[in-house]
Amino acid sequence: MTTAPTVGHGLRLPPGQRPVAGFPRFGTHLHHPPPPVPADHAIEVSGAVRAGFAVPVARLAQLPRRELTADLHCVAGWSAVDLRWEGVPFASFWRELVAPALEPDATVTHVVFRGLDGHRSVVTIEDALDDDVLLAEHLDGRPLDGDHGAPVRLVSPRQYGYVSTKHLRRIEVRTARPEPRRTLIDRVIEEHPRARVWAEERHGSLPGPWVRPFYRALVAPLRALCALGDSGSREAVEQ
Ligand SMILES: Nc1nc2c(c(=O)[nH]1)N[C@H]1C(S)=C(S)[C@@H](COP(=O)(O)O)O[C@H]1N2
Ligand SMILES: [Mo]
């Protein structure tokens with residue numbers, strides 16, 4: 001694990017990142033509002049397990065808990081600093097619930113995290129089991145709101161924001177890397193298989209610094225578009 005600090009108000013941000021004031025809702029959902037959450041919401045676990053199962057969100061309260069202050073780095077170049085998350089380390093969730101249910105002889109290589117809105121992230125098992133990876137239901141002392149991933153989201157601070165799937169619906173245990181998506185645009189801006197922010201692994205096929213200027217030009221319009229779909233619950237943020 002890297003020893004680089006993960007907090008710092010822009011004093012020590014990863015390469016090519018700039019701090020933003022506040023914590024904008026900033027995802028690939030653009031103008032879509034946060035997805036509705038079913039009353040009996042549970043996280044489904046499927047893939048290389050003997051039988052799929054569902055973990056009600058309330059169950060997380062009974063697992064080992066951790067508080068973690070970290071920054072969130074969007075691949076577009078902004079970083080929200082000093083976010084105080086609280087939840088269950090993914091490694092604990094894995095050890096307590098998933099590992100005992102694995103198919104015998106399964107060699108797990110990847111975990112796929114899917115959100116209620118269709119977003120998904122693919123994470124190597126090593127990255128998923130990093131100490132700092134959480135299943136978080138609290139941010140800054142309050143339950144997560146719709147903008148930031150209610151009722152529970154992944155938080156992986158050492159990887160670009162697109163890994164931190166919000167509104168977590170399903171965890172798929174894989175024994176091989178899932179096939180990458182196939183359209184041309186996906187191939188150009190495909191997510192990086194590791195997505196580590198300190199190594200600037202922004203995309204699979206392009207060097208990180210090359211894509212900075214394109215994103216920089218897009219940050220303001222994308223933020224405006226994302227804000228159209230937010231629930232209005234966060235405080236106004238400066239540009
Ligand atoms: N379900 C879901 N999770 C998501 C996204 C999304 O569109 N849907 N966007 C990702 C991206 S690109 C980023 S940068 C972060 C932004 O987190 P925030 O909206 O809480 O600021 O969420 C990530 N998780
Ligand atoms: Mo992002």
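When a residue number appears, it is its place in the shown sequence, counting from 1. Read the numbers this way: they start at 1 and go in the same order the structure lists the ligands and their atoms.
Taking a 4.0 Å cut-off on heavy atoms, His73 fails to register as neighbouring ligand 1. Under a 4.0 Å heavy-atom criterion, Gly149 is not in contact with ligand 1.
Under the 6.0 Å cut-off for aromatic ring centres, His192 and Tyr160 do not qualify, their centroids lying 6.0 Å or more apart.
The part of Phe23 lying near ligand 1 is the side chain, judged by heavy-atom distances below 4.0 Å. The backbone of Asp147, and not its side chain, has at least one atom closer than 4.0 Å to an atom of ligand 1 (non-hydrogen atoms only; backbone = N, CA, C, O). Residue contacts with ligand 1 for His148 involve both N, CA, C or O and side-chain atoms from C-beta outward (heavy atoms, distance under 4.0 Å). In Ser121, neither the side chain nor the backbone holds a heavy atom less than 4.0 Å from any atom of ligand 1. At a heavy-atom distance under 4.0 Å, atoms from both the backbone and the side chain of Lys166 approach ligand 1.
Between the side chains of Ser46 and Arg170, at least one donor-acceptor pair of N or O atoms lies under 3.5 Å.
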For residues 97-113, dump all side-chain donor-acceptor pairs below 3.5 Å to protein atoms at least two apart in sequence or in another chain.
{"unit_1": "Thr109", "atom_1": "OG1", "unit_2": "Ala176", "atom_2": "N", "d": "3.1"}

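The distance criterion of under 3.5 Å between nitrogen or oxygen atoms is not met by Trp78 with respect to ligand 1. Looking at His167 next to ligand 1, no N or O pair under 3.5 Å apart turns up. For a threshold of 3.5 Å applied to N or O pairs, the pair formed by Pro24 and ligand 1 contains at least one separation below that value.
Between Ser164 and Leu154 the shortest heavy-atom distance is CB-O, 3.2 Å.
Put simply, the side chain of Gln159 does not reach to within 4.5 Å of the side chain of Ser121, judged on heavy atoms.
With respect to Glu191 and Arg120, a salt bridge is recorded, a charged nitrogen being found less than 4.0 Å from a carboxylate O. Taking a cutoff of 4.0 Å between a charged side-chain nitrogen and a carboxylate oxygen, Glu172 and Arg114 qualify as a salt bridge.
Close contacts of ligand 1 with Cys74, meaning ligand atoms under 4.0 Å from a residue heavy atom, involve 14 (S). Every atom of ligand 1 with a heavy atom of Thr165 under 4.0 Å away is listed here by number and element: 3 (N), 24 (N).
Contacts of Pro193 classified as side-chain contact (heavy atoms from CB on, under 4.5 Å), with partners at least two apart in sequence or in another chain: Arg177.
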